[in-house]
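Notes follow the structure.
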Amino acid sequence: MQRKQIAIITGATSGFGKIFTEVLDDQFSKLDELWLIGRRSDVLIDMSNELHHKTKLIPFDLKRSENLQRMKGILKKEKPAVKFLVNAAGFGLTGYMEEQQPEELAEMIDVNCRALTYLSRACLPYMARNSRVINFASVAAFMPQPRFAVYAATKAYVLSFTRALNCELREKGVYATAVCPGPARTKFFERAEKYEQAGSYKELFMVEPEVVVEQALHDSIMKREVSVYGIPMKIMHVLTKVLPRKWIFSFLA
Ligand SMILES: NC(=O)c1ccc[n+]([C@@H]2O[C@H](COP(=O)([O-])OP(=O)(O)OC[C@H]3O[C@@H](n4cnc5c(N)ncnc54)[C@H](OP(=O)(O)O)[C@@H]3O)[C@@H](O)[C@H]2O)c1
């Protein structure tokens with residue numbers, strides 16, 4: 001029997017993950033199912049009513065180890081062909097880390113790095129030639145960021161991990177792309193600005209999330225390991241490679 005072809009999307013209830021779900025739903029009719037992960041089951045149900053594809057709703061909190069193990073169990077039971085894994089769940093907190101709760105910082109690492117790594121690994125046995133891993137990093141991955149310290153470090157991890165994974169998977173014909181957006185109009189900043197407003201540069205560079213997702217999907221299909229949307233962020237990427245870190249820090253302050 002032919003294995004069902006699926007896409008797994010984390011962070012499917014909001015922002016980039018939600019838009020990715022809608023785009024895959026519109027453009028990939030050959031997928032048999034979309035597996036949607038997010039904590040808010042009411043939002044997942046509303047979404048599944050709007051989508052053309054059959055869905056599997058997985059209302060898991062990804063900071064919890066037992067939920068990651070349950071995901072592994074679901075994959076083992078259903079043995080799907082995972083054509084896309086989109087790791088979009090994540091959050092950040094701006095401000096001095098000294099003023100933030102250690103539990104929240106650990107949770108950020110758990111969701112942004114630990115869950116993303118676990119799911120990437122758990123899905124690999126079910127990914128064959130031409131499958132795609134799409135991991136949401138950020139432009140914050142390109143340099144350390146005072147007052148966004150832990151978040152930037154988690155995204156540096158995602159970028160580094162995804163680049164290496166893409167290399168490891170080359171022979172298998174599976175491609176991994178790290179998506180590195182600048183500020184985008186999602187719910188991200190509602191949570192991120194709990195302690196402190198982000199710098200004013202945020203509004204200057206704000207883009208709509210749809211364009212980021214469109215570019216990310218295109219770059220993933222083109223087998224690119226990194227996806228950066230827009231000229232300002234591409235310039236930022238280059239500047240972080242050539243400018244002294246002190247100068248960049250003074251710009252961000
Ligand atoms: N927006 C930006 O400016 C920006 C820029 C660069 C990178 N990014 C990255 O893009 C990714 C998506 O962010 P977004 O902008 O789309 O933000 P968003 O609108 O706030 O969406 C975040 C998503 O992550 C999920 N999530 C958070 N904690 C979770 C947990 N413990 N378990 C399961 N799911 C969890 C949320 O679902 P539930 O609440 O239902 O759990 C939600 O679907 C993140 O990795 C973020 O770091 C965002």
Side-chain angles (χ1 to χ4, degrees), residues 8-23 35-48 57-68 70-71 85-94 103-120 134-143 145 148 150-159 161-162 177-194 198-199 201-213 215-216 226-230 232-233 236-237:
I8 300 178
I9 303 109
T10 77
T13 50
S14 177
F16 290 130
K18 186 168 192 281
I19 294 162
F20 233 109
T21 304
E22 291 161 355
V23 169
W35 289 15
L36 312 182
I37 307 180
R39 285 167 303 180
R40 287 165 296 156
S41 47
D42 53 333
V43 180
L44 291 175
I45 292 167
D46 287 348
M47 280 185 71
S48 77
L57 308 183
I58 307 173
F60 283 178
D61 186 333
L62 292 175
K63 71 173 177 286
R64 302 177 74 96
S65 293
E66 65 269 27
N67 285 337
L68 298 177
R70 282 165 76 193
M71 258 320 285
L85 169 64
V86 181
N87 278 305
F91 74 97
L93 289 171
T94 59
E103 291 77 13
E104 286 178 305
L105 298 173
E107 179 183 345
M108 200 190 306
I109 297 166
D110 284 346
V111 179
N112 295 5
C113 303
R114 191 161 172 270
L116 175 143
T117 307
Y118 189 104
L119 289 178
S120 299
I134 299 170
N135 287 335
F136 272 83
S138 164
V139 288
F142 299 148
M143 67 213 145
Q145 281 203 24
F148 217 6
V150 178
Y151 178 71
T154 66
K155 294 304 178 177
Y157 172 94
V158 174
L159 177 59
F161 164 68
T162 307
T177 301
V179 185
C180 299
R185 220 173 297 283
T186 66
K187 304 251 184 264
F188 178 82
F189 287 101
E190 285 179 18
R191 189 168 183 188
E193 293 182 328
K194 175 178 170 188
Y201 62 88
K202 175 191 92 180
E203 281 306 324
L204 208 61
F205 297 120
M206 187 70 77
V207 298
E208 297 307 319
E210 286 80 3
V211 291
V212 173
V213 167
Q215 173 88 55
V226 178
S227 176
V228 181
Y229 172 79
M233 292 307 125
M236 181 95 84
H237 189 192

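Whatever order the structure lists ligands and atoms in, that order sets their numbers, starting from 1. Quick caveat, the model's predicted, so the values are computed rather than measured. Side chains included, hydrogens not; waters and symmetry mates left out as well; all remaining heavy atoms used.
Each of the atoms 32 (N), 33 (C) of ligand 1 lies under 4.0 Å from some heavy atom of F60. Atoms of ligand 1 found under 4.0 Å from any heavy atom of Y151, numbered from 1 in the order shown, are 6 (C), 7 (C), 8 (N), 9 (C), 46 (C), 47 (O). Which parts of ligand 1 touch G15 is read off a 4.0 Å heavy-atom cut-off, strictly below it: atoms 16 (O), 19 (O). Annotation for ligand 1: atoms under 4.0 Å from non-hydrogen atoms of D61 are 30 (C), 31 (N), 32 (N). Interface of F189 with ligand 1, defined as ligand atoms under 4.0 Å from a residue heavy atom, comprises 3 (O). Of all atoms in ligand 1, numbered sequentially from 1 with element shown, those under 4.0 Å from a heavy atom of L62 are 30 (C), 31 (N), 32 (N), 33 (C). Heavy-atom proximity to P183, at under 4.0 Å, picks out these atoms of ligand 1: 3 (O). If you number the atoms of ligand 1 from 1 as listed, the ones under 4.0 Å from a heavy atom of K155 come out as 44 (C), 45 (O), 46 (C), 47 (O).
The distance criterion of under 3.5 Å between nitrogen or oxygen atoms is met by A184 with respect to ligand 1.
Using a 4.0 Å cut-off between charged side-chain N and carboxylate O, R40 and D42 make no salt bridge. By the 4.0 Å N-to-carboxylate-O rule, K202 lies close enough to E193 to be salt-bridged with it. Taking 4.0 Å as the cut-off between side-chain N and carboxylate O, R70 and E66 do not count as a salt-bridged pair.
The aromatic ring centres of F188 and Y151 sit less than 6.0 Å apart.
The protein non-hydrogen atom at the shortest distance from atom 14 (P) of ligand 1 is T186 OG1, 3.5 Å.
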